[in-house]
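Here the structure is laid out as structure tokens; the discussion comes afterwards.
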Protein chains: 2
Amino acid sequence: MSQELTDHLQTNIQLSEEDALRISARFKVLKVKKKFILLDEGASCHHIYFVSKGCLRLYFLKENGTEQTTSFALERWWLTDFTAFQNQNNSAYSIQAVENSEVLSIDYQGFENLLAEFPILERHFRIIHQRANAAAQTRIRVLYEYSREHLYHQFVLKYPGFVQRVPQYLLASFLGISPEYLSEIRKKTFS
Amino acid sequence: MSQELTDHLQTNIQLSEEDALRISARFKVLKVKKKFILLDEGASCHHIYFVSKGCLRLYFLKENGTEQTTSFALERWWLTDFTAFQNQNNSAYSIQAVENSEVLSIDYQGFENLLAEFPILERHFRIIHQRANAAAQTRIRVLYEYSREHLYHQFVLKYPGFVQRVPQYLLASFLGISPEYLSEIRKKTFS
DNA sequence: CGGATCGTTGATCAACTTCAACGGTCGTGG
DNA sequence: CCACGACCGTTGAAGTTGATCAACGATCCG
């Protein structure tokens, strides 16, 4: 039973406390330590995850062997490899805990059942996904619009607290730059 | 009344022909010529668009004055600046017809009313948006994973017919490269 | 036919990567 | 609690990728 999930469920729709609890009970609670791997690239992706505490990251292995982080998920974010989840095939990404975290998970069938039993949730997830889409549009835009250096400065301005929470090499990976270059950028900034 | 829309609406949900027609009737039909601008950057974004025939593009103006295309929408795709649409404020993008097109549009309030009257549509759009999210995840991934040159080759392989439909400078813009560099890539390819 | 737009070419330049090396720090086992 | 090793961040040199600018040829359309 997670307070974060029941709160979250009630943000977009009218849902009784009872129903919120009944829904919340369908999720499995995972308490994971920093660096724990929830989903391994190549494994079948049956679950969707909700972060109730902590932080996860989604990443994959590039041809040159380095890890490329494509997203972080903080409290109250949903995360999975949506392509694999929908099509019920193997994941092209891994998911790892960046901090000690509490994560709720539900598998594909459980999720479908939930939507069938509580059709009001269709609206909730329609809104969640529509917003995620808006965010993705913006994300793609800034990748086109700005230099990597500018991207770093923007990120620090936008998420000042978050920069402290992740090691620098993960931030570099997320921004799509080498740790060395990020180091150079930071040096420039402070001098 | 658009055959494309009624067909599209019936792909994810059970919907009677009558209801499909009744829904479809709420959309305004726009027949636009190539290069016609449906939405102008900075204008208020009240509508969401469904492409029934032809092709649209979403783009914005970069600081250096060049246009950056971030997506194309082909038949049966939904398109808008989702951030602006949701929040009912001004658009950060423009939308232009790439070819002579037929487009259906509905404004924010009309869309909300439709969802209220036909709640089954929540499911339809939940699925549409979930899929769009999966696509965005993949899009972001390839932007990180591959060189611009590789991106071009992949694109040609994946959408061989589409490359013929758009002028080369728009393709370059979408790939995030200069027309000159695209020209160079093509030269290398054929020699 | 004439003008504007589009694609190409080559030269120079900026952004960012790669590699190798070094110093600091953190956590773990003795 | 200390010592050691692994990992992390930094530095500098050399190399790549792709942008920018200017000029020219081709093509499309009125």
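Reminder, nothing fancy here: chain letters follow the sequence lines and each chain counts from 1. Computed from a predicted model, the values in this text were never measured in an experiment.
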Problem set entry | D:dA19 OP1/OP2 closer than 4.0 Å to side-chain N/O of B:Asn64 | no
For this session: Answer yes or no: does a side-chain N or O of B:Lys62 lie under 4.0 Å from OP1 or OP2 of D:dA19?
Result: no
Could you check how far [atom1] of [X] sits from [atom2] of [N], rounded to whole Å?
X: A:Glu145; N: D:dA19; atom1: CD; atom2: P; value: 16 Å
X: A:Lys188; N: C:dC16; atom1: NZ; atom2: P; value: 8 Å
X: B:Leu175; N: D:dT17; atom1: CG; atom2: P; value: 17 Å
X: A:Arg186; N: D:dT11; atom1: CZ; atom2: C1'; value: 15 Å
X: B:His150; N: D:dG18; atom1: NE2; atom2: C1'; value: 17 Å
X: B:Glu180; N: D:dC24; atom1: CD; atom2: C1'; value: 13 Å
X: A:Gln168; N: C:dG23; atom1: CD; atom2: C1'; value: 15 Å
X: A:Ile185; N: C:dA14; atom1: CD1; atom2: P; value: 17 Å

Exercise. Where the side chain of A:Lys187 is defined as all heavy atoms beyond and including C-beta, which of C:dT9, C:dC16, D:dT11 is the nearest nucleotide?
Worked result: D:dT11
Exercise. In terms of side-chain heavy atoms of B:Pro167, which of C:dT8, C:dG7, D:dT20 is nearest?
Worked result: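 Within the option list, the nearest is C:dG7.
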For this session: Could you pick out which residue, B:Lys34 or A:Tyr181, lies toward the 5' side of DNA chain D when each is mapped onto its nearest nucleotide?
Result: A:Tyr181
Exercise. So which one's nearest nucleotide on DNA chain D is more toward 5', B:Arg148 or A:Tyr169?
Worked result: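 Looking at DNA chain D, the more 5' nearest nucleotide goes with A:Tyr169.
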For this session: For B:Leu182, report the nucleic acid contact type (base, sugar-phosphate, nothing); a contact means any heavy atom under 4.0 Å.
Result: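 Result for B:Leu182 = nothing.
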Exercise. With sugar-phosphate meaning primed atoms plus P, OP1 and OP2, does B:Ser178 contact a base, only sugar-phosphate, or nothing at under 4.0 Å between heavy atoms?
Worked result: base
Problem set entry | Trace of the ring-ring contact (aromatic ring centres under 6.0 Å, His included) decision for A:Phe111 with A:Phe125 | CA-CA 11 Å; A:Phe111 188 67; A:Phe125 284 103; 5.0 Å; yes
Problem set entry | Exercise: do B:Arg141 and B:Gln137 side chains pair donor with acceptor under 3.5 Å |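 Result is no, nothing qualifies.
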Exercise. Salt bridge between B:Arg22 and B:Glu117, side-chain N to carboxylate O under 4.0 Å?
Worked result: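 No.
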Exercise. Looking at B:Lys33, B:Lys31, B:Lys28, B:Arg76, which hits salt bridge (charged side-chain N to carboxylate O under 4.0 Å, His left out) with B:Glu102?
Worked result: B:Lys31
Problem set entry | Residue whose nearest DNA chain C nucleotide is more 5′ - B:Glu184 or B:Lys35 | B:Lys35
Exercise. Between CZ of A:Phe82 and NE2 of B:His129, what distance do you get to the nearest 0.5 Å?
Worked result: 13.0 Å
